[in-house]
Amino acid sequence: MKIKYELIKEEKNTQARLGKIKTNYGEYMTPMFMPVGTLATVKTLSPEELKNVNAGIILSNTYHLSIRPGEDVVMHAGGLHKFMNWNGPILTDSGGYQVFSLADKDNIKEEGVYFKNHLNGDKLFLSSEKSIEIQNKLDSDIAMSFDECIGYPAEYDYVKQSVERTLRWAKRGKDVFNNDNQSLFGIVQGGIYPDLREYCAKELVKMDFDGYSIGGTSVGEDKPTMYDMVSMSTKYLPKDKVRYLMGVGDPIDIIENVMRGVDIFDCVSPTRLARHGHAYTKYGKINLKNSKYKEDFTPIEDCDCYACKNYTKSYIRHLITSNETLGARLLSIHNIRFLIRLTEDLRNAIKNDNIIEYKKEFERNYYGKENK
RNA sequence: GCGAGAUUGGUGAAGUGGUUAACACGCCGGAUUGUGGCUCCGGUAUGCGUGGGUUCGAUUCCCACAUCUCGCC
């Protein structure tokens, strides 16, 4: 089936929305946070551990899986869910972000993008049609259109022609898309330019996608600019479809963008920060590698996750500084749980129409002096 | 006991009669937003075994002492 979004409630004072999405693998409330599992694994976590932090949809990647093990391997395994033993919904990114992070601008052509395989240097080609075909074989629940994620700063003229091309790619992908068991999202680009965001969003809506993403943010711009980019995108998206802000993020960014009408987020931060020894806490991000935690025999914080229920900062610090994988795993569990719990709290705030107060309180703690 | 060589941060070490004593590791911090776990960026010896001497100036040259290593008795 296609995913279905049901708008349950709009918050009184902001554009925040409480919703529910129905998928092939159950129903989930939004706003929600999707852990990133690029290579068919949320790094260091087992599916059981993901369930235990109350994860809903997880994200995986077309480009990476196509290189290794190859989409045919995944297909022969019976699809991504069976392959990785995840019986929840999966969204696959199209490889569009890799256009931004891995390809040379000169290699972005109308027909598609020429990459150098980041593992062995092999020449690779990814196009709108090919991305859809791969995602089809991977058998994700939600596929993304192939787009160009534009960096910042970018000249108006470049962004304009890039948006036009992204729209043509979206159309081409949709034309070859033929799978009643998978949904397809369009991606709003347009950089920092309001008229291009508007144009892109409206054109995508005309094509009638199953959901809409906002891309091209968090690529070097400052926070107010990023929030504006989101506002000028959600403004033109239909209320009866889900909105997904790609690659964000940071706890404060999640709150800010929920207030701008975003339903779904994903970000590598919780797991990447974990691998580098950082933990989110109510009182801000902490670095467990700091020597002050050497003999801190208390949990990371008052939290319901497995790491906080069973381990101390001192022990996790020891694991991280010793490069033991359990350290990264415990911190990943905590950080993902932190962001998922944040979205749970935001859902309550929407129900109670007090999201502005919630944000103020959150920021007071997060940026406060306590525990620093 | 005699002879030779050595002694520079937490570690391995480079180096020079004249501004801030190289580099690496470690350590101490920081970064990380549609994932390369890679990585990146800062900081880290007021000091060159100890005490004298030569010199305008010594970690560098000279002397004594201490300690270490290797050889000989």
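By convention in this document, chain letters (A, B, ...) are assigned in the order of the sequence lines, proteins followed by strands, and residues within each chain are numbered from 1. The model shown is predicted, which means the values in this text are computed figures rather than measured ones.
Paired regions of RNA chain B, where each region holds three or more successive Watson-Crick or G-U pairs whose two hydrogen-bonding distances fall under 3.5 Å, are B:1-7 with B:66-72, B:10-12 with B:23-25, B:26-31 with B:39-44, B:49-53 with B:61-65.
If you look at A/Tyr193 and A/Tyr156, their ring centroids are closer than 6.0 Å. Proximity of the aromatic rings of A/Tyr315 and A/Phe297 is defined here by a centroid distance below 6.0 angstrom, and this criterion is not met. Ring pair A/Tyr236/A/Tyr199: centre-to-centre distance not below 6.0 Å.
Residue A/Asp250 places no side-chain atom within donor-acceptor reach of the base of B/rU33, judged by atom type and a 3.5 Å distance cut-off alone. No hydrogens or angles were tested; on distance alone, a donor-acceptor pair under 3.5 Å links the side chain of A/Ser218 to the base of B/rU33.
Rounded to whole angstrom, the span from the CD1 atom of A/Ile255 across to the C1' atom of B/rU33 amounts to 15 Å. Atom OH in A/Tyr280 sits about 13 Å away from atom C1' in B/rA31, given to the nearest Å. Computed from coordinates, the A/Lys43 NZ to B/rG36 C1' distance equals 7 Å when rounded to whole Å. In this structure, A/Phe33 atom CZ and B/rU33 atom P are separated by 13 Å, rounded to whole Å. Rounded to an integer number of Å, the gap from A/Leu288 CG to B/rA31 P is 14 Å. Distance OH (A/Tyr152) to P (B/rU33): 16 Å, rounded to an integer number of Å. For the pair A/Phe265 CZ and B/rU33 C1', the computed distance is 12 Å after rounding to whole Å. The CD1-P distance, from A/Ile142 to B/rG34, rounds to 17 Å in whole Å.
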Name each donor-acceptor pair under 3.5 Å that joins a side chain in residues 67-77 of chain A to protein atoms two or more places apart or in another chain, with its distance.
| unit_1 | atom_1 | unit_2 | atom_2 | d |
| --- | --- | --- | --- | --- |
| A/Glu71 | OE1 | A/Ser66 | OG | 3.1 |
| A/Asp72 | OD1 | A/Lys137 | NZ | 2.9 |
| A/His76 | ND1 | A/Asp72 | O | 3.1 |

Contacts table for residues 101-109 of chain A: side-chain donor-acceptor under 3.5 angstrom, sequence neighbours left out:
| unit_1 | atom_1 | unit_2 | atom_2 | d |
| --- | --- | --- | --- | --- |
| A/Ser101 | OG | A/Tyr97 | O | 3.2 |
| A/Lys109 | NZ | A/Asp106 | O | 3.1 |

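Applying side chain to side chain donor-acceptor pair (under 3.5 Å) to A/Lys241 and the options A/Asp208, A/Asp210, A/Asp263 leaves one that passes, A/Asp208.
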Please list, for nucleotides 24-30 of chain B, all pairs of protein and nucleotide N/O atoms separated by less than 3.5 Å.
| unit_1 | atom_1 | unit_2 | atom_2 | d |
| --- | --- | --- | --- | --- |
| B/rC28 | OP1 | A/Arg317 | NH2 | 3.0 |
| B/rC28 | O3' | A/Ser291 | OG | 3.3 |
| B/rG29 | OP1 | A/Ser291 | N | 2.6 |
| B/rG29 | OP1 | A/Ser291 | OG | 2.9 |
| B/rG29 | OP2 | A/Ser291 | N | 3.4 |
| B/rG30 | OP2 | A/Asn287 | ND2 | 2.8 |
| B/rG30 | OP2 | A/Asn290 | OD1 | 2.9 |

Table of protein N/O atoms under 3.5 Å from nucleotides 10-12 of chain B N/O atoms:
none

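Nearest to the side chain of A/His64, among B/rG36, B/rU32, B/rU33, sits B/rG36. The A/His276 side chain lies nearest to B/rA31 when the options are B/rA31, B/rG34, B/rU33. Minimum atom distance to the side chain of A/Lys285 is reached by B/rU32, of the listed B/rG37, B/rG34, B/rU32.
Residue A/Glu221 is classed as having no contact, given no heavy-atom separation below 4.0 Å to the nucleic acid. Nucleic acid contact class of A/Asp147 (heavy atoms, under 4.0 Å, all strands): base. Within 4.0 Å of A/Ile187, counting heavy atoms only, lies at least one base atom of the nucleic acid. Looking at heavy-atom distances under 4.0 Å, A/Gly220 makes no contact with the nucleic acid at all.
Counting only residues at least two apart or in different chains, side chain to side chain donor-acceptor pair (under 3.5 Å) contacts with residues 84-94 of chain A comprise A/Lys51-A/Asn87, A/Thr92-A/Gln135, A/Thr92-A/Ser140.
Between A/His334 and A/Phe338, the angle of the ring planes lies from 30° to 60°, which puts this pair in the tilted group.
Checked by atom type, the side-chain pair A/Tyr293/A/Asn287 shows no donor-acceptor distance below 3.5 Å.
The residues A/Asp304 and A/Arg341 are annotated as salt-bridged, a charged nitrogen and a carboxylate oxygen being separated by less than 4.0 angstrom.
In the hydrophobic cluster analysis, where Ile, Leu, Val, Met, Phe, Trp and Tyr join through side-chain heavy atoms closer than 4.5 angstrom, A/Leu18 is grouped together with A/Tyr212.
A 4.5 Å side-chain heavy-atom check between A/Asn257 and A/Met226 finds at least one atom pair inside the cut-off.
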